[in-house]
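Here is the structure we will look at, set down as structure tokens.
Quick note: residue numbers are just sequence positions, from 1. Computed over heavy atoms, backbone and side chain alike; hydrogens, waters and symmetry mates excluded.
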Amino acid sequence: APDNATKIQYLAQKMSQGDFFVFATRRVWATMPRLSKRYPLTSRFYRLFLDSQLGWQEVARFSSYPQLGGISINDDASEETNQIFDHPTVRIFQNISRLSEAQIMQKLFIALMP
């Protein structure tokens, strides 16, 4: 969906109420920075979220890389569908700071000011 205030407010509301957030694939967190011109607010949201600036902290990460003869092969740089469908990296975040919706919105929009 295009960036707009309703979308960002929805994200801020859900993030203020949630306990855990799971990225089941890297589709969003790996591609969103490349889409910052098309989705500036959403990109900023995920950037702040991943930098623990919205009160969330990564508490677990699971990867399962292909193996050959007991040797694990890190293929993070391979074609995207390998990581998304064949063996995704799962990341789990916990809401540590419990920021309110208003605090999250403020962080998002203050960060946009010059």
### Message
Over 60° means perpendicular and under 30° means parallel, so tell me whether Phe93 and Phe23 are parallel, tilted or perpendicular.
### Response
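The arrangement is perpendicular - the two ring planes meet at more than 60°.
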### Task
Could you check whether the rings of Phe49 and Tyr46 sit parallel, tilted or perpendicular, using 30° and 60° as the cut-offs?
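Aromatic pair Phe49/Tyr46 classed perpendicular.
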### Task
Mark yes when over 12 heavy atoms from residues, nucleotides or ligands other than Tyr65 sit less than 6.0 Å from its OH; otherwise mark no.
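Result for OH/Tyr65: enclosed.
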### Task
Kindly check if the number of other-residue, nucleotide or ligand heavy atoms within 6.0 Å of CD1 (Ile73) is above 12?
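Yes, the 6.0 Å shell around CD1 holds more than 12 heavy atoms from other groups.
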Calculate, to the nearest 0.5 Å, the distance between atoms [atom1] and [atom2] belonging to [X] and [Y] respectively.
{"X": "Leu54", "Y": "Arg44", "atom1": "CG", "atom2": "CZ", "answer": "11.0 Å"}
{"X": "Leu11", "Y": "Met105", "atom1": "CG", "atom2": "CE", "answer": "9.5 Å"}
{"X": "Gln57", "Y": "Ser97", "atom1": "CD", "atom2": "OG", "answer": "8.5 Å"}
{"X": "Leu48", "Y": "Ile104", "atom1": "CG", "atom2": "CD1", "answer": "10.5 Å"}
{"X": "Ser63", "Y": "Asn74", "atom1": "OG", "atom2": "CG", "answer": "8.0 Å"}
{"X": "Glu58", "Y": "Ile96", "atom1": "CD", "atom2": "CD1", "answer": "11.5 Å"}

For [X] and [Y], work out which heavy atoms get closest and say how close.
{"X": "Gln53", "Y": "Lys107", "value": "O-CD, 3.1 Å"}
{"X": "Trp56", "Y": "Asp19", "value": "CZ3-O, 3.7 Å"}
{"X": "Ser16", "Y": "Ser100", "value": "CB-C, 3.7 Å"}
{"X": "Arg98", "Y": "Gln17", "value": "NH2-O, 3.7 Å"}
{"X": "Thr42", "Y": "Ile8", "value": "N-CD1, 4.0 Å"}

### Message
Strictly distance-based, threshold 3.5 Å: is any side-chain N or O of Asn95 a donor or acceptor partner for the main-chain N or O of Met15?
### Response
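Checked: pair present.
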### Query
Does Asn4 reach the main-chain N or O of Thr6 with its side chain, forming a donor-acceptor pair under 3.5 Å?
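Yes, the answer is positive, given that a donor and an acceptor are paired below the 3.5 Å cut-off.
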### Query
In terms of hydrophobic clusters joined by side-chain contacts under 4.5 Å, are Leu41 and Tyr10 together?
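No: no chain of side-chain contacts under 4.5 Å links Leu41 to Tyr10.
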### Message
Hydrophobic cluster membership, with links at side-chain heavy-atom distances under 4.5 Å among I/L/V/M/F/W/Y: are Leu50 and Val90 in one?
### Response
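Different clusters: Leu50 never reaches Val90 through Ile, Leu, Val, Met, Phe, Trp or Tyr contacts under 4.5 Å.
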### Query
Could Lys7 and Asp3 be called an ion pair, given the rule that one side-chain N must be under 4.0 Å from one carboxylate O?
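The answer is yes: the pair qualifies as a salt bridge.
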### Chi angles and distances behind the side-chain contact (heavy atoms from CB on, under 4.5 Å) call for Arg91, Arg61
CA-CA 4 Å; Arg91 297 173 73 179; Arg61 183 186 294 219; 3.1 Å; yes
